[in-house]
Protein chains: 2
Amino acid sequence: MASDPEIQTNGDGSQPSRRDLANAIRALAMDAVQAANSGHPGAPMGMADIAEVLWNDYLSHNPTNPLWINRDRFVLSNGHGSMLQYALAHLSGYPLSIDEIRNFRQLGSRTAGHPEYEPEIGIETTTGPLGQGITNGAGMALAEKTLAAHFNRPGHDVVDHRTWVFLGDGCLMEGISHEACSLAGTLKLGKLTCFYDDNGISIDGEVQGWFTDDTPARFEAYGWHVVADVDGHDPAALQSAVDQALASDKPSLICCKTIIGFGSPNKQGTAATHGAPLGDDEIAATRKALGWNYPPFVIPPAISAGWDARSKGEAAEASWNEVFSAYTTEYPDLAAELERRMAGDLPADWAAASDAEIQKIAASTDKNATRKASLITLNAFAPHLPELIGGSADLTGSNLTEHATSKWITGDDADGNYISFGVREFGMAAMLNGIVLHGGFIPYGGTFLTFSDYARNALRMAALMEIQTILVFTHDSIGLGEDGPTHQPVEHVASLRLMPNMAVWRPCDTTETAVAWKDAIERRNGPSSLILSRQGLPAQSRTEEQFANIRKGGYVLRDAAEPQAIVIATGSEVEIAVAAAEALEAEGIAVRVVSMPCVEAFDAQDAAYRESVLPAALDKRVAVEAGVTEGWYRFVGLSGRVIGLDRFGESAPAAQLFEKFGFTADNIKSVVKELL
Amino acid sequence: MASDPEIQTNGDGSQPSRRDLANAIRALAMDAVQAANSGHPGAPMGMADIAEVLWNDYLSHNPTNPLWINRDRFVLSNGHGSMLQYALAHLSGYPLSIDEIRNFRQLGSRTAGHPEYEPEIGIETTTGPLGQGITNGAGMALAEKTLAAHFNRPGHDVVDHRTWVFLGDGCLMEGISHEACSLAGTLKLGKLTCFYDDNGISIDGEVQGWFTDDTPARFEAYGWHVVADVDGHDPAALQSAVDQALASDKPSLICCKTIIGFGSPNKQGTAATHGAPLGDDEIAATRKALGWNYPPFVIPPAISAGWDARSKGEAAEASWNEVFSAYTTEYPDLAAELERRMAGDLPADWAAASDAEIQKIAASTDKNATRKASLITLNAFAPHLPELIGGSADLTGSNLTEHATSKWITGDDADGNYISFGVREFGMAAMLNGIVLHGGFIPYGGTFLTFSDYARNALRMAALMEIQTILVFTHDSIGLGEDGPTHQPVEHVASLRLMPNMAVWRPCDTTETAVAWKDAIERRNGPSSLILSRQGLPAQSRTEEQFANIRKGGYVLRDAAEPQAIVIATGSEVEIAVAAAEALEAEGIAVRVVSMPCVEAFDAQDAAYRESVLPAALDKRVAVEAGVTEGWYRFVGLSGRVIGLDRFGESAPAAQLFEKFGFTADNIKSVVKELL
């Protein structure tokens, strides 16, 4: 600012009104978007009154200690309204400076175009891809309810907080909102409260042309408590609605009629306010209309004071500390365990216990499908890992995700660790993300690998947020057989590997599967996809060094004195590669077989290790994987060969398909000989 | 069969009952699944009575001419019940022999594990991935309504048929069902009638644990006509329900209470019948319970006669032929045009007209974002192509999918060619598939490239079915700038290229964009993804030969006398590659620039052409694309380099991001020099 502005309390020196407080959001939003020359002022301006009531009257949080474990969770599912989130964080006292808001959408700022997971400033999840925020919220509410069931004791409600979600028309149109909200109703997630920003506008204009749902009726059909027709600009009406929601034991939807871009005299109520700056003239007119007589990025002290939630937050946490202290006295072990789980620390004995379990598992030479190997591992690990919570998108018996200590969670009993998500792959994955984000759990979820497609953007969000979501993807190739090409993954393994920060494990036997699970459990900063076979795979024998190298993602499984060629394989094709190497050896041709269960882990090794596995001089290389070939050329080069499948599969017994498409020892043998 | 069975009419020689007819489906389903030792008997046995009423009393089709353009469309959205579809095709007289049914799920049979698009035997779409069949059905119903609006004239209802969909709990749990059914309500697709197989069972068991929607209320909230609580085993009740549906001008859902595996005395009503053979003993018991005293795969003549729909179908088509004949007399041009469009032939003048339009477009040297170039092309092509129908998932103004002759379709007026799909990417893509499958249209749909993730499995289904769905994916890289990493595609272009039979075009300027559109329009046997920039890209100059080579997917855009290196680039990075080549030339380093807008098209060229563009001897190669690098190694080899982005982007102005991540002429120059 050129001149030092005269700061006023509230015009006449009076306390600011609720509307004045809300206008602070509006001003920050329109000014930040204008400064960035891009962004979405409409939603923050439209939802400012709702946000003011929620944050000042209901939200239990502590900006001074944003990671307080019993804080309420707030999710802005309509993430394009990010300036609402940043304004709230700044105004209520989180460590988000006004300079960060001035730098909205600039390189290196904490105020990205869409909110990026940073709980230190109250951002509980990354949003923007519509429908996923509400689904994360459902996951958080499920985590809270389940954690409460695990830890609360009579008279000791140490886990007791709510999840609040803002969402818009876009979220409600997205299919994932159906998946999440239907399941939230069934699971009776009564502490989930959503505010629907019913402004009648989406990017293409008035939603009547493409969105005519009776949304209250829809949500009642899900078993929700719905408060319809609330004036989203009337604090008293909003309070009454929230009070009704709090009184219900069902998840609640508060349908708020709002005006998008509220306050902009010439643009409010139109799509023009949705995703573009208002412009200097309209901003000036809006200032006038709102009675907001302060320069950009200046919040007068009375308004600041009206928003500052720090002392209230500290008092709330102090009060909870007393509850927790009493709990600690009565249940010291439980208290310590709750703290451990919320800190995200693995159990103290995890390293030793998991190693011992893997040793037992590795001692067996059983031929198992790797999905079965996954179950064996879950059975072994789960008793050591009470934070493990899992489920399947209605394929429990196929994914083999239900282990011996699984207990199914129901709407009436959250004291379990297994969720039957129904046929809702995307909803499952985004709820798993919400469970991780809440804390206290390591969640996994299963479906057929092909249907990773349905969940794909939620996997991407886990990768982007660097959170530990574990996916159990079974039936990983044409090896699933008769169900045919709709269910046979071809491009999926390669496609998951393309996603930055996604660890993709495709183990070849029971031991590699157990190691993959251990890696996934210990990988706290990103998601893992476990790619598992339907069909049985023989156990490979390994030296101790080979066993230790599994974790490195790629290693020499079978070597020769002076190898003339390398065959790289993963998963179900390792068995075939080994058989080919044996056959070639019988003909006097020395071949090294490299098992590469996790390309990302291998890439992360140092150059010396990678060179020891794939020596540059050994450039006669064949990669074998029952899927598309493209990704393997960076290992075999222009002179190598890839045996894969660059077409869709067929419906037939698996063995016939492997034969038909050349996944045989004979074919590998021929290809190696062609190369030499 | 070992012995020649004694064929009976119906036990006592009487005409078969409706139940007897339905039992033919049950017998074929349980016997075929048993023979294959895999499959899903439960749904066909549970829905047999519904199917019998629909096919024998209502469905208007002609097994003798399965491609009759005015046939009703039937979709089995719960595609795992494929034996229901095959039994119906066989029984009603389609050319699907009993041997094909004996060979259920065997290599090379027409009776795959899930129904595969083959209208010649009445399979209107490939189903199995749940929720997509009903969405295809909504697309078909929209196509019918729109085609009727285009062609029908008073007294001449030449386009007048219905779409019937069977669906189960799984379809209703999937989010895409929400997208499709919500939009079907808004668009008043009154000729869409769905039968919900409400059997209370999914794979994990009784659905009460994970699916407690009040489905009738949900669909009423969408504006559907719902007939609730129909006994799905009572033909009279079913007839009454269908008659009610026919009387409504809304889409209809008939909720049928059924027993999964109906007839199996010890397994019906349980998940045990869902996805596994009943077993020989239970099949014997079921035969007894149903009174079905015939050997496997034997249908007695009276039952066959009761099902045979051929003469009724021929009569139906003959009657329509009279309608069409009168129409032809009165509107000969319209009749010819309808026949052309339903045959899938492009307009006679298309080749010349589109070439002329492209010449005009190519003459301009304007700098355009390729999304803008796409709009320019649409404006040029659309007047020549009345079958073009398009839309956007609520990003019309961003995708630039609305062209000068677009007319928006509404619930009350289907006489248009533009659909605002709402924020429903998956629903949009699967509806586009349904529109193609119906015939009469070339459909396209737009969204941001990042949200191709949401639609991914529908793109796969288009690729698998080899149908012409066109996707307009804009904002194709970090070049979208401030919206940040949630909206910045990184892995998406590479990931789409992995999908078999998907043509992925990432043009570098207006001319390449127009050629890509032409290719997409002329590619009748697979989907195309047009990957378009948000930001402006300069026009490249080309010789006539270079222009002609665009269609080959990769070509030399800028050459040097004796090139020392090749830089391969696509889309927005071509401009930078050309600048780098110019800078290198100034330093005396000769570099060839290859523009590769479509890798799939390039791969399809003969070896001589590919060698002319990328000579094996010229192995100093650098690929440049603002996305993940993995796919490019097959062009640059182990000794080449890829300039890409193997991490997520950031929120900032685009130019800063290109600089930060090394997409600059300077960086390309440095990398080329390192290689040499």
Side-chain angles (χ1 to χ4, degrees), chain A residues 38 105-107 112-114 128-130 170 173-176 178-179 182 186 202-204 209-214 217-218 221-223 394-396 420 422-424 426 453-454 456-457 464 482-486 491 494-495 498-500 628 630-631 633-634 637-638 646-648 651-652 656, chain B residues 38 105-107 112-114 128-130 170 173-176 178-179 182 186 202-204 209-214 217-218 221-223 394-396 420 422-424 426 453-454 456-457 464 482-486 491 494-495 498-500 628 630-631 633-634 637-638 646-648 651-652 656:
Chain A
S38 84
R105 295 181 155 234
Q106 302 310 302
L107 193 62
H114 292 81
L130 293 174
M173 284 186 254
E174 288 288 2
I176 189 174
H178 168 61
E179 300 182 10
S182 169
T186 301
S202 66
I203 293 178
D204 275 5
W210 45 91
F211 183 47
T212 54
D213 288 2
D214 178 345
R218 173 188 165 202
Y222 295 151
D394 201 47
L395 287 168
T396 294
S420 187
V423 190
R424 304 178 176 104
F426 195 10
D453 278 355
Y454 278 52
R456 190 167 169 89
N457 201 263
L464 178 58
E482 292 90 342
D483 271 346
T486 52
E491 70 277 28
S495 174
L498 295 179
M499 202 176 273
V628 293
E630 197 160 290
Y633 286 94
R634 77 183 169 100
L638 294 176
D646 287 313
R647 49 155 290 178
F648 294 109
S651 170
Q656 293 176 34
Chain B
S38 84
R105 294 181 154 236
Q106 303 311 302
L107 193 61
H114 291 81
L130 294 174
M173 283 187 256
E174 288 288 2
I176 189 174
H178 167 61
E179 300 183 10
S182 168
T186 301
S202 65
I203 293 177
D204 275 4
W210 45 90
F211 182 48
T212 54
D213 288 2
D214 178 346
R218 173 188 165 202
Y222 295 152
D394 200 46
L395 287 168
T396 294
S420 187
V423 189
R424 302 179 177 102
F426 195 10
D453 279 355
Y454 277 52
R456 191 167 169 89
N457 202 265
L464 178 58
E482 293 89 342
D483 271 346
T486 53
E491 70 278 27
S495 175
L498 295 179
M499 203 176 272
V628 294
E630 197 160 292
Y633 286 95
R634 78 184 169 97
L638 295 176
D646 286 314
R647 50 157 287 180
F648 294 109
S651 170
Q656 293 176 33

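In what follows, chains carry the letters A, B, and so on, assigned in the order in which the sequence lines appear, proteins first and then strands, with residues in each chain numbered from 1. The figures here come from the full heavy-atom set of this structure, side chains too, leaving out hydrogens, waters and symmetry mates.
- With chain A as the partner, the residue from B:A652, B:G637, B:P500 showing the most heavy-atom pairs under 4.5 Å is B:P500.
- With a 4.5 angstrom heavy-atom cutoff, A:F211 touches chain B via backbone and side-chain atoms both.
- Contact between B:S420 and A:D204 at its shortest, heavy atoms only, is OG-OD2, 2.6 Å.
- The part of B:S38 that comes within reach of chain A is its side chain, from C-beta onward, which places non-hydrogen atoms under 4.5 angstrom from that chain.
- Between chain B and the options A:A217, A:G209, A:G484, A:G170, the largest number of non-hydrogen pairs under 4.5 Å is found for A:G170.
- Highest contact tally toward chain A, considering only B:I203, B:T186, B:D394, is held by B:D394 [criterion: heavy-atom pairs under 4.5 Å].
- The CZ atom of A:F426 lies 12.0 Å from the CD1 atom of B:I176; values are rounded to the nearest 0.5 Å.
- Between chain B and the options A:E630, A:H114, A:R218, the largest number of non-hydrogen pairs under 4.5 Å is found for A:H114.
- For the set A:A112, A:G128, A:P129, A:G631, the count of heavy-atom pairs under 4.5 angstrom toward chain B peaks at A:P129.
- For a residue to count as touching a neighbouring chain, one of its non-hydrogen atoms must lie under 4.5 Å from one of that chain's; by this rule A:D646 touches chain B with the backbone only.
- Taking the six-membered ring where tryptophan is involved, the planes of B:H178 and A:H178 are essentially parallel, since the angle between them stays under 30° and well short of 60°.
- Between chain B and the residues A:E491, A:M499, A:Q656, the most heavy-atom pairs under 4.5 angstrom are made by A:E491.
- Per-residue counts of heavy-atom pairs under 4.5 Å with chain B were compared for A:N457, A:T212, A:D214; the largest is that of A:N457.
- Proximity of a side-chain donor or acceptor of B:E179 to a complementary backbone N or O of A:G175 within less than 3.5 Å is detected.
- The backbone N or O of B:G113 lies less than 3.5 Å from no partner atom in the side chain of A:D483, so there is not a single donor-acceptor pair.
- B:Y454 OH to A:E174 CD: the interatomic distance, rounded to the nearest 0.5 Å, is 5.0 Å.
- Heavy-atom pairs under 4.5 Å with chain A were tallied for B:R105, B:R424, B:Q106; the largest tally goes to B:R105.
- Across all non-hydrogen atoms, the minimal contact from B:D213 to A:S182 is OD1-OG, 2.7 Å.
- When each of A:L395, A:V628, A:L130, A:L464 is scored by its heavy-atom pairs under 4.5 Å with chain B, the top score falls to A:L464.
- With a threshold of 4.5 angstrom between heavy atoms, A:S495 approaches chain B through its backbone and through its side chain.
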